[in-house]
Colleague: 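This structure is in structure tokens; I'll ask about it shortly.
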Number of protein chains: 2
Amino acid sequence: MASRGDTRQRIQDVALELFAEKGYEKTSLREIAERLDVTKAALYYHFKTKEDILMALFQSLGAPLDELVEWGKRQPRTLEMKKELLARYSQALQGAAALFRFMQENQATIKDLSLGETFKNRMFAMVDLLRDEDGSLEDQVRCATALFSIHAGLFALKDMDATPEEKQKAVLTVAQELIVAAHHGA
Amino acid sequence: MASRGDTRQRIQDVALELFAEKGYEKTSLREIAERLDVTKAALYYHFKTKEDILMALFQSLGAPLDELVEWGKRQPRTLEMKKELLARYSQALQGAAALFRFMQENQATIKDLSLGETFKNRMFAMVDLLRDEDGSLEDQVRCATALFSIHAGLFALKDMDATPEEKQKAVLTVAQELIVAAHHGA
DNA sequence: GTCTATATAGTGATAGAC
DNA sequence: GTCTATCACTATATAGAC
């Protein structure tokens, strides 16, 4: 049997592929169905609406980040923990590249689906774990920048001549520097 | 007369509003026309297609950044110039907040309209003005992060209790620090 | 669990009158 | 420069057979 109970998962896989490639709005259910070699109606058996597919994707892709935030909340708020959090975040991004591509491509859609809040909250939760509420404005910026530098860095180094490991290491170094600087300021 | 030759501009204004609010795809020409209290067909007098509206917006909003890049190219590549570039960029962002909101909301669309390349090139051109090609990977990351920290910082400080001027200053301080650090590394 | 067939509605775009 | 009217198309979604 080609398809067991994995059809739902296969739909998610193909949908992620297409949503990340051409955006949610521009991807039609017809396309998804065709690529899976099933019919549109079949999709409706597994998901009540097109939005449902998006929500399911969002949840399953975001889970690792949620776990990371949860992990962080259980730790003491030391400098070491913050450095470790950045390292884990950097690691998580490698696996979740699809999520972020997907998120970025579909920001507009995600926004008015309550998902926007969810995602923003996740980011803010992450920044909150890094920052000291009583720090200076500059230090707040350093903490936020530490997190985003991981994205910016990987983006900027995309065309550079180095191994992924070297790049990841360089990016993490800069991110952790920023956290250390913020910590000293406090 | 309510509308002179400013109709084209009014269309752009409303379109920007809507595109930034709910995304390009989800905004219909009907909506734009209704909000302007004209008919869909009237839009087609001023713009050949829906995409044309997007392109016009993109160009006029991006012009200040293009000018900044041009300015940068005419300067000697000193540390002082880089700090000044960041300051001007930070300044430009205040006025171009709409552009960036708009860009972020419509990434997916922008990508397959050649606009994606244009925008990416602009960003890369900016980073290129900041970085030293022979610097270490870490320094490359510092330069890219300097630029993006201006975005990240403003985002992170959004809910903070400070005046816009204070926030801008704090963000710029951190960005310039990163450039100085990269410069020392070289 | 997957199909065919269809309902319903909205889209971008065009032609041509005023 | 703006209108009415309409086109061709695609979309999401549903009903009901197999």
Colleague: Rounded to whole angstroms, how far apart are CD on B:Glu25 and C1' on C:dG12?
Modeller: 12 Å
Colleague: Would you kindly give the OH-to-P distance between B:Tyr24 and C:dT11, to the nearest whole Å?
Modeller: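 From B:Tyr24 OH to C:dT11 P: 13 Å.
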Colleague: So, A:Phe155 versus B:Phe124, ring centres under 6.0 angstrom or not?
Modeller: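 Yes, ring centres under 6.0 Å apart.
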Colleague: Nearest of D:dA11, D:dC3, C:dC3 to any side-chain atom of B:Val38?
Modeller: D:dC3
Colleague: What's the closest nucleotide to the B:Tyr44 side chain, out of D:dT2, C:dA15, C:dG12?
Modeller: C:dG12
Colleague: What is the distance, rounded to the nearest whole Å, between atom CG of A:Leu36 and atom C1' of C:dG1?
Modeller: 14 Å
Colleague: A:His46 NE2 to C:dC3 C1': how many Å, rounded?
Modeller: 13 Å
Colleague: Are A:Glu34 and A:Arg30 within salt-bridge range, i.e. N to O under 4.0 Å?
Modeller: yes
Colleague: A:Ala42 side chain: which of D:dT2, C:dG10, C:dT2 is closest?
Modeller: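 Nearest to the side-chain atoms of A:Ala42, counting from C-beta on, is C:dT2.
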Colleague: In whole angstrom, give the distance that lies between atom CG of B:Asp52 and atom P of C:dT14.
Modeller: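 After rounding, the gap between these two atoms is 11 Å.
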Colleague: Does the side chain of B:Gln168 come under 3.5 Å of the side chain of B:Gln91 through a donor N or O and an acceptor N or O?
Modeller: yes
Colleague: Once you round it to whole Å, what is the distance between C1' of D:dG1 and NZ of B:Lys48?
Modeller: 19 Å
Colleague: Is it true that A:Met160 and A:Val171 fall in one hydrophobic cluster, defined by side-chain heavy atoms closer than 4.5 Å?
Modeller: yes
Colleague: I need the CD1-P distance between B:Ile53 and C:dA13, as an integer number of Å.
Modeller: 9 Å
Colleague: Looking for any heavy atom pair under 4.0 Å, which part of the strands does A:Ser28 touch: base, sugar-phosphate only, or nothing?
Modeller: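 A:Ser28: backbone/sugar contact only, no base atoms under 4.0 Å.
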Colleague: Please figure out whether A:Thr27 or B:Lys40 has its closest DNA chain D nucleotide nearer the 5' end.
Modeller: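 The residue closer to the strand's 5' end, by nearest nucleotide, is B:Lys40.
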Colleague: Could you work out which one of D:dT14, C:dG10, D:dT2 sits closest to the side chain of B:Arg30?
Modeller: C:dG10
Colleague: Which nucleotide sits closest to the side chain of A:Lys50: D:dA13, C:dA13, D:dT4?
Modeller: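 The nucleotide sitting nearest to the side chain is D:dA13.
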Colleague: Go through C:dT2, D:dG1, C:dG10 for me and flag the one nearest to the B:Tyr45 side chain.
Modeller: D:dG1
